[in-house]
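Below is one structure, written out as C-alpha cells; comments come after it.
Indexing begins at 1, ligand by ligand and atom by atom, following the structure's order. The first residue in the sequence is number 1, and the count goes up from there.
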Amino acid sequence: MATTTHILGYPRIGEKRELKFALERYWRGDIEQSQLQQLGSDIRAQNWSLEQDAGLDFATVGDFAWYDHVLTTSLLLGHVPARHRDGNNNLDTLFKIARGQSQHNACCQGHAASDMTKWFNTNYHYIVPEFSAQDEFSVTWAQLFDEVQEAQKLGHSVKPVLLGPLSYLYLGKEVEQGFDRLTLLPKLLKAYQEILNKLVTLGVTWVQIDEPILALDLDSRWLTSFQPAYQALQCDLKLLLTTYFDSVTDVLDSIVELPVAGLHIDVQAASQQLEQVAQAIPEHWVLSVGAINGRNVWRANVSEWLERLQPLKRQFGQRLWVASSCSLLHSPVNLEHEAKFSQEVRSWFAFAKQKVAEVVLLGRALDGDEHAISQCKTYSQPIEKRKSADYVNKPAVQQRLNSISANLAQRSAAYPKRAHHQQEAIGLPLLPTTTIGSFPQTGEIRSLRSDFRTGKLAQDDYITAIKGHIEDAVKRQEALGLDVLVHGEPERNDMVEYFAELLSGFQTTQFGWVQSYGSRCVKPAIVVADIEREQPMTVGWSTYAQSLTDKPMKGMLTGPVTILCWTFPREDISRKTIAQQLALALRDEVNDLQQAGIDIIQIDEPAFREGLPLKQREHQAYLDWAVEAFRISASVAKAETQIHTHMCYSEFNEIIESVAAMDADVITIETSRSNMELLKAFEEFNYPNGIGPGVYDIHSPNIPTSEWIEALLRKAAEKIPVERLWVNPDCGLKTRNWSEVDASLANMITAAKVLRKEWQSE
Ligand code: GLN
Ligand code: ZN
C-alpha cells in the first residue's frame, strides 16, 4: 500500500541561475540556439534524476519553460498572436511574443510583446494569451512530447504536467470587442484531445492537469464548463486534476462530478479543506495532498503532517498521494549553496531540493517505515525548538505590538489642516515637480556596492564614493529645476533587500533566487524572527543629501506591506503581525528622519495591491490591516511633515477606498501608459489628498516631449483639482541612463512651468 509521492514541478532556472545567463547570452547573440537547447536539456536531466534518485515515484515533465509555462502552452497549442506568426513557430517566435522585437531576429520590428501579468498571488509572471474569434489551435509544437521521450530515454517514470484548458482560457484575455473567449472552448478541447492522445501513444499513464482557477471565485459560466470539457478529454489516461493556492471547497460539488482519476489540493494555502475534501471525493479517486509548501523556504514539520495524515492513510490506502503544495518553481533551488548560514539557521530551511526529500520522507513514514518515522521526529526538531527560541521571540517587540492602539495609526491633524501647515513649512509652487526615488544604477554604482560587499572596498571609501553619486544627483536635479529632490538611492541594491539587511529579524540568502519572469529572478529575504530596527537605516544618506541643497529633500522608505509581500514570511505568526512589526520599525525611521530635518518622507507601497488574497471575501480583512500598517508607520509624522506614498500600477478601482484610508499627503502612481484613464477611480471616489499621476513611462527609453506631457497634465487636471496635482514620472528611474533621465525630466519641468503660469493666473 505504498504512498505515491510526487511534486507539481521543479525550478527550471538551474541551481545557479544557469538558464537566466544562457537566455541572456542567446538574446545578445553570443551563443547559438543549439547551445541554449543543450543547457535546457542538461537542467531537465539534472532535475529529473534528482527527483527520482530522491525516491519520488514520478519525474515531473513539462515544468520546464523557456520563458513561462503559460507561454509554452500557447506554443503547444499553436496559439500565436497574428502579429508574431511567421509560418514556422520556433523558439524565436516564443521569445518574440514574450519580448517584442528581439535583437536576434529583426523581422518583428515594431511588433509589441504580449502583456505579462502576475501568476495568481505569486511573484511569478506569465505572458497573457490573446484570444479573438477566429483563433485556431493546432498541436505543432513538440516540446512536451520531446521532453516526455527525453525523460523516458533516461529511464524515468514520467508524469507530464499540462495547464488545463479552462485555466488556459481564463488566464488569457480577449483582444477583440464583444467577443467571449469561453466560446473558443470546443476548438481548444480538440487540441487538448490530440495532446492527450499523443501522450497515450508515448506510454504515459498519469497526467497532472492544472486547473488552479478552481481556487478563485469562479462565476457559474466558467464552473459549469468544466463538466463538458472534462467529458471531452476522456481517454486512456488518468487525469490528476490539480488545484493550488487556495481552497476548493466552494466548488467541491462540481469537482467531484468530473470524470477524472484524482484531485490534488493545496493544504498549505488552505489547510482546513483537507478533511472536507477527503470526505467528499469519489471512492475510486486518488487524493494528492499538497503538504510540503512550495512557496516558502521553511523546513516542514513532517512529524505534524505524519500525525495528521495517518488517519487518511488508513482510509485511503494507496489512493493517498503526498506532494508539494504547488510547483516548487516558487521556491529557491538548493539550500546546500548557502555557505553563510549558521548550523542552526540552516536547520530551519528547505529549498526545492530539500522539499523533494521531505515529500519522500513523509510518504515513507506514512507507509509505516520505522526508520522514516523516527527520521521525521529528528528532522522536525529544529522547527519545534525554534518556536520558543529567544532569538525569535523578542519581548520588547511583543510588548510594543501589544500596545498598538487606534491612536498610533492616526495623524495629528486631518489632511486639509496638514496641507496648510506643510505649505507654510515647505512652501512649494503650484504643480510641484519631483521623482519617485531612484536614479540610474550605473555599472559604476553596482561595482561600488559589490566591491564593498566582497571586502575589496573599505567602508570609508565606499561611503565617500556613494556620497559622490548623491552629490552628482543633487546637482543634476538643481540644474533641472526640480522642486522636491531625492538622493537617488545609489546605496540600495533592491528596495526591500536593503531594509531587510539593516533590520534585525531577517536573513538574506546568497543564491536564494526565484524566477519572476523570463530570465528575471528575485532573491527575497526571509523573515526569521521578530523584527526590530537597531539603528537608523536611511537618515545618514538623506541628511547628507539635504545638506547639499536648499530645496526640500524627500526621505525614501519601503513600506511595511511591500517589505512583507516581497519577502518569505514566517509561518508561526500571521502576515498581519509581521506587517505590524515592520510598521513599528519604519515608524521609528520616519521619526528620526523628521527629527533630522527631513520634511518630506515617501513610504513606497508598490506591492500593496498584490497582497490581496485570492478570495474576494478575504479582501477587506487584508486591506484593513494593510492600511493600518501603513498608517502606523506614517502617523508619527508631525502635521507639517509631508508623507508621500508610491504605487506603480493601475487598477485602483477595487482598492481606492483603502488607498484613501492610508491618508498619505501625496500619492504618486503609474498612469502615463493608460493616458490618465486610471485617474477615473480617483476622480469618481473624490480622492481627497494630493496626487502625482505619472506623466511618462520609465520602462521605455523614449524621451517624452514637453507637449505630450503637457497634454497628459491637462487631462489629469480634468479629473483632479490642480491645487492637489503633482508632476512626476511613473516610477523610479534606476533602469534608465542619465542622458534619458536629464532629457525627460527637462521636458517634464518645461510642461509643468507652462501650465503653472497658465493656471496660476486663472
Ligand atoms: N523608490 C523606488 C524607486 O524609485 C520605488 C520603486 C518601485 O515603485 N518599485 O526605485
Ligand atoms: Zn513604482
Side-chain angles (χ1 to χ4, degrees), residues 116 118 123 125 433-442 445-446 449 469-470 473-474 476-477 482 484-500 516-517 520 522-524 537-538 541-542 545 553-567 586 589-590 593 598 600-611 630 633-634 642-652 655 659 662 664 666-674 678 691-700 726-738 740-741 744-745 748:
M116 183 170 72
K118 277 166 71 72
N123 283 326
H125 300 73
T433 53
T434 190
T435 60
I436 305 305
S438 58
F439 278 127
Q441 289 263 333
T442 56
I445 292 179
R446 275 197 297 270
R449 277 199 315 261
H469 287 285
I470 293 177
V474 171
R476 285 173 187 266
Q477 294 173 86
L482 280 153
V484 173
L485 275 43
V486 296
H487 76 289
E489 305 178 27
E491 78 287 12
R492 300 186 192 177
N493 38 349
D494 167 279
M495 65 186 289
V496 170
E497 199 178 41
Y498 177 77
F499 290 95
S516 172
Y517 64 90
R520 287 292 203 103
V522 292
K523 190 160 69 64
M537 304 178 284
T538 64
W541 301 122
S542 287
M553 178 60 57
K554 184 158 64 164
M556 198 57 59
L557 305 175
T558 303
V561 181
T562 297
I563 297 183
L564 173 72
C565 288
W566 290 350
T567 51
L586 289 161
E589 187 74 11
V590 169
L593 282 168
I598 302 297
I600 305 181
I601 301 165
Q602 178 171 311
I603 307 173
D604 286 327
E605 285 291 19
F608 188 82
R609 186 167 170 278
E610 69 185 58
F630 180 87
S633 41
Q642 190 169 70
I643 297 291
H644 289 215
T645 191
H646 166 70
M647 297 183 187
C648 36
Y649 45 80
S650 34
E651 292 172 53
F652 279 94
I655 58 164
V659 171
M662 288 165 73
V666 179
I667 182 172
T668 55
I669 57 175
E670 175 181 307
T671 36
S672 76
R673 277 187 292 186
S674 83
L678 307 173
I691 310 184
V695 293
Y696 81 87
D697 177 11
I698 56 91
H699 298 97
S700 150
W726 281 65
V727 181
N728 46 264
D730 267 349
C731 191
L733 296 162
K734 69 172 163 208
T735 58
R736 302 265 60 92
N737 63 43
W738 272 114
E740 293 159 351
V741 167
S744 306
L745 291 180
M748 181 182 94

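Contact annotation: for Ser438 versus ligand 1, heavy atoms closer than 4.0 Å belong to both the backbone and the side chain.
What sits closest to atom 6 (C) of ligand 1 on the protein, heavy atoms only, is Met495 SD, 3.5 Å. At the top of the distance list for atom 5 (C) of ligand 1, counting protein heavy atoms only, stands Asp604 OD2, 3.4 Å.
Geometry note: the Zn ion (ligand 2) is the vertex, His646 NE2 and Cys731 SG are the arms, and the angle is 120° (rounded to 10 degrees).
Those atoms of ligand 1 with a heavy atom of His646 less than 4.0 angstrom away are 8 (O). Atoms of ligand 1 found under 4.0 Å from any heavy atom of Cys731 (numbered from 1 in listed order, with element): 7 (C), 8 (O). Taking a cut-off of under 4.0 Å to the non-hydrogen atoms of Met556, the atoms of ligand 1 that pass are 1 (N). Remark: ligand 1 atoms within the under-4.0 Å shell around heavy atoms of Gly732 are 3 (C), 4 (O), 10 (O). The ligand atoms of ligand 1 that sit less than 4.0 angstrom from a heavy atom of Gly437 are 4 (O). Distances below 4.0 Å separate heavy atoms of Cys648 from the following atoms of ligand 1: 7 (C), 8 (O), 9 (N).
A donor and an acceptor atom, one from each side chain of Glu605 and Thr562, are located under 3.5 Å apart.
Ion pairing between Lys734 and Glu489 fails under the 4.0 Å rule for side-chain N and carboxylate O. For Arg449 and Glu491, the salt-bridge test fails: no basic side-chain N is under 4.0 Å from an acidic carboxylate O.
The shortest heavy-atom distance from Glu489 to ligand 1 is under 4.0 Å.
Considering all non-hydrogen atoms of both residues, Ala545 and His487 come closest at CB-CB, 3.6 Å.
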